[in-house]
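Reading through the structure tokens given below for one structure.
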Amino acid sequence: MVHKKFAVKKIGVIERYQEFLPVTDNTPIISLNEGNTPLILAEALPVYLGLKNIKIYYKFEGLNPTGSFKDRGMTMAISKALEEKASAVICASTGNTSASAAAFASRCGLRCFVLIPEGKIAKGKLIQAYRYGAKVLMIPGNFDQALELVKRVTQDNRITLVNSINPYRIEGQKTAAFEIVDDLGDAPEYHAIPVGNAGNITAYWRGYKEYRRAGKCEVLPKMLGFQAEGAAPIVYGKPVEKPETIATAIRIGNPASWKGAVQARDESGGLIEAVTDPEISWAYRFIAEREGVFAEPASAAAVAGMIKLARRNYFEENTRIVITLTGSGLKDPDYALSFEDKIEAVEPTFEAVSKVVFASR
Ligand SMILES: *Cc1c(COP(=O)(O)O)cnc(C)c1O
């Protein structure tokens, strides 16, 4: 028998969905085996909401190599940057883009610069960019200002911009929609997703449409986008000067893919609405404590939005809802620990421990 032990299967999104992506045989594929994330059936949420004939799934993107969906777009952006002989890449970031850019750049020896808003980036993400070896530049400003700066720095094309205005990012990110269809056998009727810079909702909608054109699905989902109330420019129809929310990954006042998001909403017959920080916080805890799925606050915005719609009886019976959980809960340890309820100091004795354990059984 032939020994298969070392025949490691390539499972990165470019190899898997090459025919749908702008790559050629000459594209050097820089991959960390991103994608192929699980679609987890919600158990507690439909019971809590009293939804009997509706199935809810979490597309858990926190299980990508750097802990967010950004890896899908970054494998494309970095591969193409290398193909086009870039010497360095740069991005503005609320955190996850910088973590992902730094990782993929390190894998192929590209220099990487990241601009992040000082004090408003979750610690796990900062550590990643730093540890993967990127040059981290902190600015006393917000994401929108950082993005304006990197756009100017890359104007003369000496350095490649890897924010989602880089068209290859959206191309890579659409593979998440492909995976959902491959897993479910068709697209779901509804797709809920947090909206920050709006690249991801744009990417999913493109992915679903392309897959239907290729005969891979019949259904096209209604796209349901959710912004945080303090950072909801698309909902209000105008940029937000000083965006604020606990969900730092969607703390964006002037989304780069604004048009793409509106198009996804309108073509799909969906909606884009705002959820409050307390609603996000509640959903964040619910999915961790009741479903065993630990996602970051921005991801929970989509859960909060879905809950809000369920309470208005928005969803039709006998349908499926997919909620994209965009990033891992481990990204933001400070927020995770900001609830005091669960840590209790006890004496190191059998009596003290058993008293607590048996009392709260
Ligand atoms: C980037 C990001 C978002 C927002 O995605 P956009 O494409 O900017 O709308 C949401 N959640 C997490 C965890 C992210 O990293």
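Numbers for residues simply follow the sequence, beginning at 1. Atoms within each ligand, like the ligands themselves, are counted from 1 in listed order.
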Worksheet entry | Arg158 atom CZ: more than 12 heavy-atom contacts under 6.0 Å | no
Fill in: Phe339 six-ring face occupied by Arg285 cation (under 6.0 Å, within 45°)
yes
Worksheet item: Which word best sums up how the rings of Phe178 and Phe20 line up, parallel for under 30°, tilted for 30 to 60°, or perpendicular for over 60°?
Response: tilted
Worksheet item: Heavy-atom contact under 4.0 Å between Ser164 and ligand 1?
Response: no
I'd like to check which ligand 1 atoms, numbered from 1 as shown, lie under 4.0 Å from a non-hydrogen atom of [X].
X      : value
Lys70  : 1 (C), 2 (C), 3 (C), 14 (C), 15 (O)
Ala298 : 11 (N)
Thr326 : 10 (C), 11 (N), 12 (C), 13 (C)
Gly199 : 6 (P), 7 (O), 9 (O)
Val195 : 9 (O)
Asn197 : 6 (P), 8 (O), 9 (O)

Worksheet item: Just heavy atoms, cut-off under 4.0 Å: does Ile250 contact ligand 1 by side chain, backbone, both, or neither?
Response: side chain
Worksheet item: Is ligand 1 under 4.0 Å from a heavy atom in the side chain of Glu296, in the backbone, in both, or in neither?
Response: side chain
Under 3.5 Å side-chain donor-acceptor pair for [X] and [Y]:
X      : Y      : value
Lys59  : Thr37  : yes
Thr245 : Arg251 : no
Tyr57  : Asp183 : no

Discussion item. To check your reading of the model: name the closest protein heavy atom to atom 7 (O) of ligand 1, its residue, and the distance in Å.
Written reply: Asn200 N, 2.8 Å
Worksheet, complete the sentence: For Arg290 and Ala44 the tightest heavy-atom approach is O-CB, 3.6 Å
Discussion item. Please give me the minimum heavy-atom distance between Ala176 and Tyr204, naming the atom from each residue.
Written reply: CB-OH, 3.2 Å
Just distances here: any N/O of [X] and N/O of ligand 1 closer than 3.5 Å?
X      : answer
Phe69  : no
Gly196 : yes
Gly327 : no
Ser68  : no

Discussion item. Between the side chains of Lys80 and Glu171, is the shortest nitrogen-to-carboxylate-oxygen separation below 4.0 Å, so that they form an ion pair?
Written reply: no
